[in-house]
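Any value given below was found using the heavy atoms of this structure, including those in side chains, with hydrogens, waters and symmetry copies removed.
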Amino acid sequence: VQLQASGGGLVQAGGSLRLSCAASGRSFSRYAMGWFRQAPGEEREFVAIINWSGRSTYYADSTKGRFTISRDNAINTVYLQMNSLKPEDTAVYYCAGDPSLGAITTAPQYWGQGTLVTVSS
């Protein structure tokens with residue numbers, strides 16, 4: 001599975017962005033998918049994950065209520081809708097995939113390249 005993230009950019013605080021992660025490979029629809037982020041000088045952290053069907057989602061406390069993860073298995077794409085953005089959301093955002101929902105928050109098997117999100121105050 002190869003993952004390609006896009007949609008990052010510069011936005012003012014309170015604004016919105018939608019990130020996309022396009023996946024190649026026939027197994028995408030069976031994979032749990034997730035978004036992670038890494039701010040300058042910080043470790044990479046979990047943002048949100050979604051199971052293979054899209055029926056189960058989990059969020060970090062810092063993003064709950066503001067971010068929404070979703071997927072469209074017909075076009076092998078996972079999304080992260082980010083609303084009410086804050087300057088502390090500034091980071092490089094990565095998508096990731098793994099056959100196991102249990103493993104994806106700790107050691108995903110597949111990573112995409114990052115896309116930079118910058119939120120100005």
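Between Y58 and T105 the shortest side-chain heavy-atom distance does not fall below 4.5 Å. Counting only heavy atoms from C-beta outward, the side chains of D89 and V117 never approach each other to under 4.5 Å.
Residue Q2 places its CD atom among 12 or fewer non-hydrogen atoms of other residues, nucleotides or ligands, all under 6.0 Å distant.
We find that D61 and K64 are joined by a salt bridge, their nearest charged nitrogen and carboxylate oxygen being less than 4.0 Å apart.
With hydrophobic clusters built from ILVMFWY side chains whose heavy atoms lie under 4.5 angstrom apart, L19 shares a cluster with Y31. L17 and I50 fall within a single hydrophobic cluster, where Ile, Leu, Val, Met, Phe, Trp and Tyr are joined by side-chain heavy atoms under 4.5 Å apart, directly or via other members. Clustering ILVMFWY residues whenever any of their side-chain heavy atoms sit less than 4.5 angstrom apart, transitively, puts M82 in a cluster other than the one holding L116.
Between the side chain of T115 and the main chain of G8, a donor-acceptor pair closer than 3.5 Å is present. Checked by atom type and distance alone, the side chain of R71 pairs as donor or acceptor with a backbone atom of N51 at under 3.5 Å. Side chain of S27 to main chain of G25: no donor-acceptor pair is present (N/O by atom type, distance under 3.5 Å, no hydrogens or angles). Under the 3.5 Å distance criterion, the side-chain polar atoms of Q109 are left unmatched by any main-chain donor or acceptor of P99.
Here the closest heavy-atom approach between residue T63 and residue V47 is recorded as OG1-O, 3.2 Å. Looking at every heavy atom in both residues, L3 comes nearest to C21 through CB-SG, 3.8 Å. Closest heavy-atom contact between L80 and A48: CD1-CB, 4.3 Å. Annotation for P87 and S121: closest pair CG-CB, 3.8 Å, computed over non-hydrogen atoms. The two atoms that bring T90 and P40 nearest to each other are O-CD, 4.4 Å, heavy atoms only.
Considering only residues two or more places apart in sequence or on other chains, R18 meets the side-chain hydrogen bond (donor to acceptor under 3.5 Å, both in side chains) condition with none of them. Every residue was checked against the side-chain hydrogen bond (donor to acceptor under 3.5 Å, both in side chains) condition with R44, not counting sequence neighbours, and none meets it.
Expressed to the nearest 0.5 Å, how far CG of N76 lies from OG of S29 amounts to 7.0 Å. C95 SG to M33 CE: the interatomic distance, rounded to the nearest 0.5 Å, is 5.5 Å. Here the straight-line distance linking atom CD1 of I69 with atom OG of S56 works out to 11.5 Å at 0.5 Å rounding. Separating the CD atom in E42 from the CD atom in E88 is a distance of 12.0 Å, to the nearest 0.5 Å.
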### Task
List the steps, then state whether side chain to side chain contact (heavy atoms under 4.5 Å, CB included) holds for F67 with L85.
CA-CA 9 Å; F67 291 10; L85 282 161; 3.9 Å; yes

### Task
May I have the step-by-step check of side chain to side chain contact (heavy atoms under 4.5 Å, CB included) for Q113 and S6, ending in yes or no?
CA-CA 9 Å; Q113 94 297 351; S6 62; 5.9 Å; no

### Task
Let me see the working for W52 and F28 under ring pair (Phe, Tyr, Trp, His ring centres under 6.0 Å), right down to the final yes or no.
CA-CA 8 Å; W52 68 273; F28 172 81; over 10 Å; no

### Task
Please assess Q38 against Y94 for the test side chain to side chain contact (heavy atoms under 4.5 Å, CB included), listing each intermediate value before the final yes or no.
CA-CA 8 Å; Q38 187 167 19; Y94 300 87; 4.2 Å; yes

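Side-chain contact annotation: S16 with N83, donor-acceptor N/O pair under 3.5 Å present. Donor-acceptor pairing under 3.5 Å is lacking for the side chains of D98 and S100.
Under the 6.0 Å distance and 45° angle rule, R66 does not count as a cation-pi partner of Y59.
For F46 and W35, the distance between ring centers is not under 6.0 angstrom.
Note on residues 55-88: no pairs pass disulfide (SG to SG under 2.5 Å), not counting sequence neighbours.
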